[in-house]
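To keep things clear, I will list the structure first and then write my remarks on it.
Atoms considered below: every heavy atom in the structure, side chains included; atoms not considered: hydrogens, waters and symmetry mates. Only a predicted model underlies this, so the values are computations on that prediction, with no experimental measurement involved.
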Amino acid sequence: MNAIIESSAQDYKVVIINIEKPLRHSDISIIKNIFDQFSPNDIAYDISLNDFTLYLNCIDFEYLKDIVSQFKNKENGKELNPIFDEIIYEIESIKSYGLKDKKRLYVNYDQERKVKGRKEKVTGRNQYYYAKDHSFIEQNSQFPEQYKNKIITSDSHFILKQLPDNCVDLIFTSPPYNFGLEYESNGDAHQWEKYFDQLFLIFEECVRILKFGGRIVVNIQPLFSDYIPSHHIISRFFMDKKMLWKGEILWEKNNYNCKYTAWGSWKSPSNPYLKYTWEFLEIFSKGSLKKEGHRDQIDITADEFKKWVVAKWSIAPERNMKNYDHPAMFPEELARRVIKLFSYKNDVVLDPFNGVGTTTYIAKITNRRFCGIDISQEYCEKAQQRINEILL
């Protein structure tokens with residue numbers, strides 16, 4: 001082994017190369033000359049009878065390739081041992097690394113930079129200052145038996161007012177977007193002031209019935225043609241109610257059917273119209289970012305967790321809307337991710353705009369208790385039918 005390794009083995013990415021052609025003394029001499037150009041704390045090697053082992057921490061890879069090429073040229077056409085090409089090939093095959101100046105970093109490149117006194121600095125910044133003076137109580141209530149695992153045809157505001165404070169673990173909903181879509185019960189076309197007034201009456205009750213530490217997740221798409229940033233207006237409402245902003249997820253629908261001709265000012269900065277292929281999920285917590293629960297009630301896998309905490313979800317839109325005669329369903333996969341990432345098994349999941357029941361259907365499948373409310377009897381019947389099919 002060359003003159004390393006003052007650090008531990010965990011400071012290096014280890015690459016083992018099989019020696020197919022025995023190394024001559026001249027080969028070993030060239031290897032030494034090459035690696036002498038680098039600090040042993042950056043790159044080191046070990047030679048055994050059958051293996052050549054690289055210890056990579058960081059390296060200027062382009063410089064390494066230049067040095068190997070120079071030694072090839074010095075040999076005046078003599079065939080070098082294939083180990084030199086293998087070294088370059090194996091390093092080039094490593095696709096996960098960081099960059100600093102000209103060096104590729106192979107160890108700890110994806111770790112956050114350590115900040116001295118992080119906790120003190122967070123406190124000094126007054127973390128989530130907008131919700132510090134909330135008046136939420138921490139004592140939670142039982143969800144009423146008469147509403148448990150029920151699909152209810154009624155006005156959401158009326159039903160929610162019957163529920164006690166702090167009794168729901170997760171609210172996941174997608175309210176009507178006020179786009180003028182033809183829903184079964186009545187048209188989705190109101191003046192914006194009236195729309196938000198009615199929506200916030202329901203959301204105010206949602207805040208009240210949500211448990212301490214519970215979450216509300218709202219799927220919303222702004223009406224860009226009206227320049228109404230619904231996701232920001234809704235978020236502002238929850239922040240004014242002292243809810244904690246937990247995050248925002250982009251639901252990338254990969255819907256490239258937006259190649260319509262409403263370009264705004266075509267080929268001009270006068271007034272270009274921006275087009276979007278995604279929707280938003282706004283996430284808020286009540287009183288605490290942490291939700292208490294039992295470990296044996298967790299059903300999200302490690303792979304799911306790692307994938308879903310990256311806050312851009314690529315999920316195709318719902319393709320069965322015609323089967324349910326509903327113009328704006330979100331897909332089952334969207335509900336599955338939200339429910340498993342933000343709640344425990346046996347939690348109560350509520351949707352005050354349940355439609356044909358995707359939220360309640362996935363809640364049932366994932367062993368949550370549920371309550372779905374919608375003013376449309378037709379939609380509620382379809383939502384109940386989906387629940388009944390699970391039980392068959």
Side-chain angles (χ1 to χ4, degrees), residues 119 122-123 126-152 154-173 175 199-219 234-248 281-300 305 309 335 338-354 359-360 362-364 366-373:
K119 290 184 178 180
V122 168
T123 302
N126 200 5
Q127 188 182 40
Y128 48 83
Y129 66 91
Y130 54 88
K132 289 288 188 182
D133 57 346
H134 70 78
S135 58
F136 302 131
I137 60 172
E138 296 190 28
Q139 184 176 357
N140 292 325
S141 305
Q142 291 294 321
F143 190 78
E145 286 294 328
Q146 66 265 37
Y147 297 117
K148 190 181 298 181
N149 297 333
K150 292 293 196 312
I151 305 295
I152 302 169
S154 183
D155 175 76
S156 286
H157 186 248
F158 173 78
I159 296 297
L160 295 177
K161 287 185 76 69
Q162 314 307 310
L163 301 178
D165 296 351
N166 292 37
C167 67
V168 174
D169 296 279
L170 171 66
I171 296 171
F172 177 44
T173 194
L199 182 62
F200 292 159
L201 283 175
I202 293 172
F203 280 167
E204 189 157 8
E205 291 300 317
C206 287
V207 171
R208 180 185 63 80
I209 67 172
L210 200 64
K211 288 182 179 180
F212 192 87
R215 287 78 182 263
I216 181 165
V217 181
V218 180
N219 167 222
I234 288 171
S235 292
R236 182 74 260 173
F237 166 83
F238 285 120
M239 291 174 69
D240 287 343
K241 295 299 177 181
K242 307 301 180 183
M243 296 283 281
L244 296 171
W245 182 73
K246 190 164 181 64
E248 177 182 80
L281 277 73
E282 302 297 328
I283 309 153
F284 283 84
S285 295
K286 181 177 175 180
S288 173
L289 292 170
K290 183 177 180 180
K291 187 181 188 305
E292 300 295 341
H294 296 290
R295 291 190 63 85
D296 60 0
Q297 297 299 301
I298 297 171
D299 58 351
I300 189 170
F305 187 88
V309 294
V338 167
I339 289 171
K340 292 183 70 174
L341 184 59
F342 295 112
S343 71
Y344 298 83
K345 289 190 295 183
N346 207 40
D347 275 357
V348 175
V349 178
L350 183 142
D351 188 342
F353 301 101
N354 195 46
T359 297
T360 48
I362 297 300
K364 176 65 178 178
T366 55
N367 298 308
R368 271 75 172 171
R369 294 170 291 169
F370 62 86
C371 179
I373 311 167

Discussion item. If the condition is salt bridge (charged side-chain N to carboxylate O under 4.0 Å, His left out), which residues does Glu145 pass it with, not counting sequence neighbours?
Written reply: Lys148
Practice prompt. May I have the step-by-step check of side chain to side chain contact (heavy atoms under 4.5 Å, CB included) for Leu199 and Ile234, ending in yes or no?
Written response: CA-CA 9 Å; Leu199 182 62; Ile234 288 171; 4.0 Å; yes
Taking the side chain as C-beta and beyond, is there a heavy-atom pair between [X] and [Y] under 4.5 Å?
X      : Y      : answer
Thr173 : Thr359 : no
Thr366 : Ile339 : yes
Ile373 : Leu160 : yes
Asp347 : Lys291 : yes

What heavy-atom pair brings [X] and [Y] nearest, and what distance separates the two atoms?
X      : Y      : answer
Ala131 : Leu244 : CB-CD2, 3.6 Å
Asp299 : Arg368 : OD2-NH1, 2.6 Å
Pro352 : Ile171 : CD-CG2, 3.9 Å
Val349 : Ala363 : CB-CB, 4.1 Å
Ser288 : Ser285 : O-CB, 3.3 Å

Worksheet item: Can you pull the salt bridge (charged side-chain N to carboxylate O under 4.0 Å, His left out) pairs that have at least one residue in residues 202-213, sequence neighbours excluded?
Response: Lys161-Glu205, Asp165-Arg208, Asp169-Lys211, Glu204-Lys241, Glu205-Arg208
What pairs of donor and acceptor atoms, side-chain ones from residues 212-219 against any protein atom, are under 3.5 angstrom apart with sequence neighbours left out?
residue : atom : partner : partner atom : Å
Arg215  : NE   : Gly213  : O            : 3.2
Arg215  : NH1  : Phe342  : O            : 3.2
Arg215  : NH2  : Leu289  : O            : 3.2
Asn219  : OD1  : Ser174  : OG           : 3.1
Asn219  : OD1  : Tyr177  : OH           : 3.0
Asn219  : ND2  : Glu279  : OE1          : 3.1
Asn219  : ND2  : Phe280  : O            : 3.2

Discussion item. Within a 6.0 Å radius of atom NZ on Lys290, are there more than 12 heavy atoms belonging to other residues, nucleotides or ligands?
Written reply: no
Worksheet item: Under 6.0 Å from the CD atom of Gln142, do we count more than 12 heavy atoms belonging to anything else shown?
Response: no
Worksheet item: Who are the ring-ring contact (aromatic ring centres under 6.0 Å, His included) partners of Phe238, not counting sequence neighbours?
Response: Phe203, Phe284
Rounded at 0.5 Å granularity, tell me how far [atom1] in [X] sits from [atom2] in [Y].
X      : Y      : atom1 : atom2 : result
His157 : Phe200 : NE2   : CZ    : 13.5 Å
Thr360 : Phe172 : OG1   : CZ    : 11.5 Å
Lys246 : Leu281 : NZ    : CG    : 14.0 Å
Ile159 : Tyr147 : CD1   : OH    : 5.0 Å
Phe143 : Asn149 : CZ    : CG    : 8.5 Å
Ser141 : Gln139 : OG    : CD    : 6.5 Å

Item to complete: Just do the side chain to side chain contact (heavy atoms under 4.5 Å, CB included) check on Ile362 and Phe370 with the steps written out, would you?
Response: CA-CA 9 Å; Ile362 297 300; Phe370 62 86; over 6 Å; no
Worksheet, complete the sentence: Of Leu350, Ile202, Leu201, the one forming a side-chain contact (heavy atoms from CB on, under 4.5 Å) with Ser156 is Ile202
Fill in: Partners passing side-chain contact (heavy atoms from CB on, under 4.5 Å) against Lys286 (at least two apart in sequence or in another chain)
Phe136, Asn166, Leu210, Met243
Fill in: Test side-chain contact (heavy atoms from CB on, under 4.5 Å) applied to Lys150 - qualifying residues, sequence neighbours left out
Ile152
Discussion item. Main chain of Trp245, side chain of Tyr130: is a donor-acceptor contact present, judged purely on distance under 3.5 Å?
Written reply: yes
Worksheet item: If only atom types and distance count, is the side chain of Asn354 paired as donor or acceptor with the main-chain N or O of Asp351 below 3.5 Å?
Response: no
